[in-house]
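What follows is a single structure, written as structure tokens, with notes after it.
Only heavy atoms go into these numbers, but all of them, side chains included; no hydrogens, no water, no symmetry mates. By convention in this document, chain letters (A, B, ...) are assigned in the order of the sequence lines, proteins followed by strands, and residues within each chain are numbered from 1.
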Protein chains: 2
Amino acid sequence: MISFEEFIMQDGSPIYQQILLFIKRGIIAGIIKDGEELPSRRVLSALLGVNPNTVQKAYRLLEEEKLIQSLQGSRSTMVLTEEKVRSIREELLEEDARSAVQKLKQMGISREEAVELIERYWDKESNL
Amino acid sequence: MISFEEFIMQDGSPIYQQILLFIKRGIIAGIIKDGEELPSRRVLSALLGVNPNTVQKAYRLLEEEKLIQSLQGSRSTMVLTEEKVRSIREELLEEDARSAVQKLKQMGISREEAVELIERYWDKESNL
DNA sequence: TCAACTGTATTATACATATAATACACTTAA
DNA sequence: TTAAGTGTATTATATGTATAATACAGTTGA
């Protein structure tokens with residue numbers, strides 16, 4: 001089951017994108033599996049405290065990427081293949097690692113300091 | 001001198017915030033020093049290919065944080081103390097590291113994989 | 001002096017994001 | 001059967017972001 005209770009709103013980027021990325025990272029982690037049902041738009045919006053239209057926008061993008069299948073009256077279900085998961089994994093890992101390294105380099109951090117920093121915050125961050 | 005040629009537009013977050021963070025990271029790296037003159041709003045906007053008002057918004061925020069001093073007719077100059085630099089360093093390092101670790105954990109990446117990933121992208125990323 | 005540059009401000013327009021309030025057709029389960 | 005839940009769609013409003021076109025007052029350097 002998908003645990004949206006772990007969803008942490010990080011201000012800055014659009015909410016619908018945060019939802020989209022949260023689901024994609026869950027897919028990569030293997031927590032969200034093929035055939036699994038997503039919470040309904042209304043339920044998830046209530047859970048996150050956002051507008052139903054915002055959740056709908058995230059779900060519509062998942063639909064366009066063919067990662068979910070939606071039918072009127074029933075909840076949307078995940079449609080995943082190994083190939084899709086591998087593709088998403090590359091896309092997100094690439095972007096997140098590249099972005100983090102770029103920022104740290106801009107601050108004049110050394111490679112060794114960067115590794116130390118990641119290791120230190122690894123323990124600080126609550127487990128997901 | 002501040003080298004804004006190294007500025008890379010990353011879509012997603014507002015441009016004025018990207019400019020603000022680019023300058024703050026330059027301060028942390030020690031590239032941008034106390035008393036130094038920033039490019040004028042018009043010059044920087046032309047250099048980055050964005051609207052002068054967008055640069056002005058970033059500079060206004062720097063002004064509000066008392067990191068620059070602006071006088072009509074003259075270019076704005078950096079007003080930095082060791083304490084301010086230390087404060088910005090904590091703020092940004094904290095946020096960037098925390099954010100990176102959170103994303104990697106959400107993807108089910110292990111601590112060892114994360115370190116490997118960072119080290120691999122450290123060499124990929126062009127030097128700044 | 002004075003032209004060119006500077007910071008600052010205003011108005012208008014356009015687009016993206018988010019919320020709110022509905023509405024309708026379909027499915028599910030009691 | 002039918003009430004409740006579902007996906008989907010529309011309209012309106014508000015806010016933030018970015019651009020464009022000006023305008024004005026102050027500074028600088030030839």
Side-chain angles (χ1 to χ4, degrees), chain A residues 1-2 4 7-24 32 34-80 95 99, chain B residues 1-2 4 7-24 32 34-80:
Chain A
M1 175 53 187
I2 311 165
F4 279 95
F7 185 87
I8 300 168
M9 195 87 84
Q10 32 190 359
D11 32 16
S13 63
I15 299 173
Y16 76 89
Q17 276 188 17
Q18 295 182 41
I19 296 173
L20 190 68
L21 287 175
F22 184 80
I23 292 174
K24 283 188 175 183
I32 302 177
D34 180 63
E36 190 166 355
E37 278 186 344
L38 284 175
S40 78
R41 278 78 165 158
R42 289 173 179 84
V43 165
L44 183 53
S45 68
L47 195 62
L48 302 183
V50 302
N51 194 277
N53 297 338
T54 302
V55 175
Q56 163 62 8
K57 186 163 187 178
Y59 278 29
R60 183 172 54 74
L61 293 174
L62 286 173
E63 181 85 34
E64 286 174 3
E65 292 192 53
K66 301 189 195 306
L67 296 177
I68 66 172
Q69 189 180 27
S70 302
L71 292 174
Q72 273 208 348
S74 305
R75 280 196 289 282
S76 299
T77 57
M78 303 302 310
V79 181
L80 298 175
E95 175 50 28
S99 165
Chain B
M1 175 54 187
I2 311 165
F4 278 96
F7 186 87
I8 299 169
M9 194 87 85
Q10 33 191 1
D11 32 15
S13 64
I15 299 173
Y16 76 89
Q17 276 187 16
Q18 294 182 39
I19 296 172
L20 190 69
L21 287 176
F22 183 81
I23 293 174
K24 283 188 174 182
I32 301 177
D34 180 62
E36 191 166 354
E37 278 185 345
L38 284 176
S40 78
R41 278 78 163 159
R42 290 172 179 84
V43 165
L44 183 53
S45 67
L47 194 63
L48 301 183
V50 301
N51 195 277
N53 296 339
T54 303
V55 176
Q56 163 61 9
K57 186 164 186 178
Y59 279 28
R60 183 172 54 76
L61 292 174
L62 286 173
E63 180 86 34
E64 286 173 3
E65 291 192 52
K66 299 188 195 307
L67 296 177
I68 66 172
Q69 188 178 28
S70 303
L71 292 173
Q72 272 206 348
S74 305
R75 280 196 290 282
S76 299
T77 57
M78 303 301 310
V79 181
L80 300 175

Can you tell me if [X] touches the phosphate of [N], counting only side-chain N or O atoms and a distance under 4.0 Å to OP1 or OP2?
X      : N       : result
Y16(B) : dT17(D) : yes
R41(B) : dT8(C)  : yes
S40(A) : dG5(D)  : no

Between [N] ([atom2]) and [X] ([atom1]): distance, integer Å:
X      : N       : atom1 : atom2 : answer
L61(B) : dG7(C)  : CG    : C1'   : 16 Å
I68(A) : dT6(D)  : CD1   : C1'   : 13 Å
L62(A) : dG7(D)  : CG    : C1'   : 14 Å
L48(B) : dT17(D) : CG    : C1'   : 16 Å
R42(B) : dA4(C)  : CZ    : P     : 14 Å
Q18(B) : dT17(D) : CD    : P     : 12 Å
L20(B) : dT17(D) : CG    : C1'   : 15 Å
Q69(A) : dT27(C) : CD    : P     : 13 Å

- Members of residues 50-60 of chain B that approach DNA chain D, where some heavy atom sits under 4.0 Å away: V50(B), N51(B), N53(B), T54(B), K57(B)
- Does any residue of residues 71-80 of chain A have a heavy atom under 4.0 Å from DNA chain D, and if so, which ones, in number order? L71(A), Q72(A), G73(A), S74(A), R75(A), S76(A)
For residues [X] and [Y], report the shortest heavy-atom separation together with the two atoms involved.
X      : Y      : value
P39(B) : L44(B) : CB-CB, 4.2 Å
N53(A) : N51(A) : N-OD1, 2.9 Å
L38(A) : I68(A) : CD1-CG2, 3.7 Å

Can you find a heavy atom in the side chain of [X] that is under 4.5 Å from one in the side chain of [Y]?
X      : Y      : answer
I19(B) : F7(B)  : yes
F4(A)  : I23(A) : yes
S40(B) : Y59(B) : no

- Item | S45(A) side chain vs R41(A) backbone, donor-acceptor pair below 3.5 Å | yes
- Message: Tell me whether Q18(B) contacts the main-chain N or O of M9(B) through its side chain, where contact means a donor paired with an acceptor under 3.5 Å.
- Response: no
- Report the residue (I15(A) or E63(B)) whose heavy-atom-nearest nucleotide on DNA chain C is the more 5′ of the two. E63(B)
- State the CG-CD1 distance between L20(A) and I15(A), to the nearest 0.5 angstrom. 13.5 Å
